[in-house]
There are 2 protein chains.
Amino acid sequence: MTTRVPRMNEAESRAWLALVGTSQLLPAALDAQLQADSGITHFEFMALSALNTAPELTLRTSDLAVRTYATLPRLSKVVSRMEARGLVERVPCPGDARASNIRLTRDGRKELLLALPGHLSLVRAEVLGRLSEGQLEALAEALEPVLEALADDPRFPWARGASRRAESGAATA
Amino acid sequence: MTTRVPRMNEAESRAWLALVGTSQLLPAALDAQLQADSGITHFEFMALSALNTAPELTLRTSDLAVRTYATLPRLSKVVSRMEARGLVERVPCPGDARASNIRLTRDGRKELLLALPGHLSLVRAEVLGRLSEGQLEALAEALEPVLEALADDPRFPWARGASRRAESGAATA
DNA sequence: TAGCGTTACTTGCCACGGCAACCAAGTACC
DNA sequence: GGTACTTGGTTGCCGTGGCAAGTAACGCTA
């Protein structure tokens with residue numbers, strides 16, 4: 001039952017190629033800049049950022065995983081590495097001994113703030129700075145539903161809930 | 001000389017988060033579907049597609065690398081794996097004995113055509129199908145300059161020339 | 001309070017990609 | 001024509017991520 005799937009038309013093809021292309025190049029570019037200038041990966045940057053905006057600079061491991069689009073194993077390993085470098089620390093979660101909270105250390109916060117300008121500058125130079133106000137709006141309008149679709153597709157359980165559903169923050173109880 | 005970089009405003013932030021999110025989830029989703037249904041990665045799919053639209057089903061190794069946004073080492077290894085599975089073959093390049101051409105085999109073409117409907121169907125379900133004609137247009141208009149900027153940035157030499165410059169095809173001379 | 005299923009991670013093993021080093025063929029210079 | 005430089009591609013080693021299996025704690029039922 002090979003259901004007939006129509007080919008892409010011109011507009012679809014352009015949009016798709018551009019999207020796939022950027023999905024390929026952008027992460028590599030972000031990694032390269034951050035790695036070179038601050039010695040952290042873009043993924044680590046995202047994790048540190050998420051912690052930085054969390055109450056008490058602390059998040060449950062699985063919460064952080066959702067916020068960074070990461071699988072649990074991946075996050076676990078990255079946290080171990082960052083912990084070894086003193087950027088974050090694992091603190092036992094009061095009220096649930098299986099879980100652990102991840103806390104941004106003072107050093108981690110410093111590193112993050114140090115990395116921020118360079119990162120932001122790259123993002124402006126390559127992306128935001130090239131788009132008009134209207135284009136920014138259109139980009140968000142176009143990609144947000146896509147993001148949500150990906151996050152909610154049962155075929156991709158690792159993304160589950162990436163469309164903000166849990167606003168829990170750190171579990172302190 | 002920490003040049004002051006202004007923070008993101010609301011529109012910028014939305015656009016950026018959506019873009020980064022999709023760049024994170026989309027590649028993984030494409031891999032998962034193709035891997036599950038056809039036993040190939042999305043990268044392999046792109047490579048096979050590029051070969052399929054090339055004259056003689058053949059491209060210079062470095063040409064293929066550019067078209068797939070890959071570094072040469074990466075492509076070399078992927079080609080070796082695909083060659084082992086009989087999807088492509090390396091043929092010596094007449095006129096330049098250092099170079100080699102990569103050719104899509106009959107089996108490779110068959111696999112590609114077999115994988116196409118499922119892939120296209122996912123792309124429609126998650127992305128294209130969720131956007132209006134106007135949004136497709138806007139998305140392309142927004143991302144094409146970004147793509148070009150990334151490709152032309154001397155900091156990211158691996159992307160060099162990803163903005164179509166060489167239309168050479170296979171070197172037959 | 002004993003037992004069973006579930007949740008919240010963590011770890012081991014493997015595949016893949018990056019970089020740097022390498023090799024071989026072409027090109028330039030004299 | 002020989003020596004240096006460049007180009008095209010491959011290989012080795014290492015870091016990172018995925019999946020599946022493991023472990024520990026929780027919680028429900030009886």
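Being a predicted model, the structure only gives us computed values, none of them experimental. Just so it is clear: chains get the letters A, B, ... in the order the sequence lines come, proteins before strands, and each one is counted from 1.
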Original post:
Starting at the 5' end of DNA chain D, which residue's closest nucleotide do you reach first, A/A97 or A/F43?
Top reply: A/F43

**OP:** Output every pair passing salt bridge (Lys or Arg N to Asp or Glu O under 4.0 Å) with a member in residues 69-83 of chain A, not counting sequence neighbours, ordered by first then second residue.
**Re:** A/E83-A/R90

Subject >> Partners passing side chain to side chain contact (heavy atoms under 4.5 Å, CB included) against B/A50 (at least two apart in sequence or in another chain) >> reply: B/L59, B/L64, B/R67

Subject >> Taking every non-hydrogen atom, the tightest pair across A/S49 and A/L112 >> reply: OG-CD1, 3.7 Å

Original post:
What side-chain hydrogen bond (donor to acceptor under 3.5 Å, both in side chains) pairs are there with at least one residue in residues 104-114 of chain A, not counting sequence neighbours?
Top reply: A/N52-A/R109

Original post:
Who pairs with B/S13 by side chain to side chain contact (heavy atoms under 4.5 Å, CB included), at least two apart in sequence or on another chain?
Top reply: B/M8, B/L17

With a 3.5 Å cut-off and sequence neighbours excluded, list the donor-acceptor pairs that the side chains of residues 36-45 of chain A form with protein atoms.
unit_1 : atom_1 : unit_2 : atom_2 : d
A/D37  : OD2    : A/Q33  : NE2    : 2.9
A/T41  : OG1    : A/F43  : N      : 3.4
A/T41  : OG1    : A/E44  : N      : 3.0
A/E44  : OE1    : A/T41  : N      : 2.9
A/E44  : OE1    : A/R85  : NH2    : 3.1
A/E44  : OE2    : A/R85  : NH2    : 2.4

Original post:
With sugar-phosphate meaning primed atoms plus P, OP1 and OP2, does A/S100 contact a base, only sugar-phosphate, or nothing at under 4.0 Å between heavy atoms?
Top reply: sugar-phosphate

Original post:
Can you list every pair that meets salt bridge (Lys or Arg N to Asp or Glu O under 4.0 Å) and has a residue in residues 135-145 of chain B, with sequence neighbours left out?
Top reply: A/R14-B/E137, A/R14-B/E141, A/R14-B/E144

Original post:
With A/T61, which residues qualify under side chain to side chain contact (heavy atoms under 4.5 Å, CB included), at least two apart?
Top reply: A/L72, A/L75, A/S100, A/I102

Original post:
Quick one: how far along DNA chain D does chain A reach, first to last nucleotide 5' to 3', anything under 4.0 Å to a heavy atom?
Top reply: D/dT16 to D/dC26

Original post:
In residues 72-88 of chain B, which residues come under 4.0 Å of DNA chain C by heavy atom?
Top reply: B/P73, B/R74, B/K77, B/V78, B/R81

Subject >> salt bridge (Lys or Arg N to Asp or Glu O under 4.0 Å) pairs, two or more places apart, involving residues 18-32 of chain A >> reply: none

Subject >> Interface limits on DNA chain C, where chain A has a heavy atom under 4.0 Å of a nucleotide atom >> reply: C/dT7 to C/dC13

Subject >> Pairs involving residues 114-130 of chain A, ordered by first then second residue, that meet side-chain hydrogen bond (donor to acceptor under 3.5 Å, both in side chains) (sequence neighbours left out) >> reply: A/R124-B/E12

Original post:
Toward the 5' end of DNA chain D, which comes first, A/R98 or A/E44, by nearest nucleotide?
Top reply: A/E44

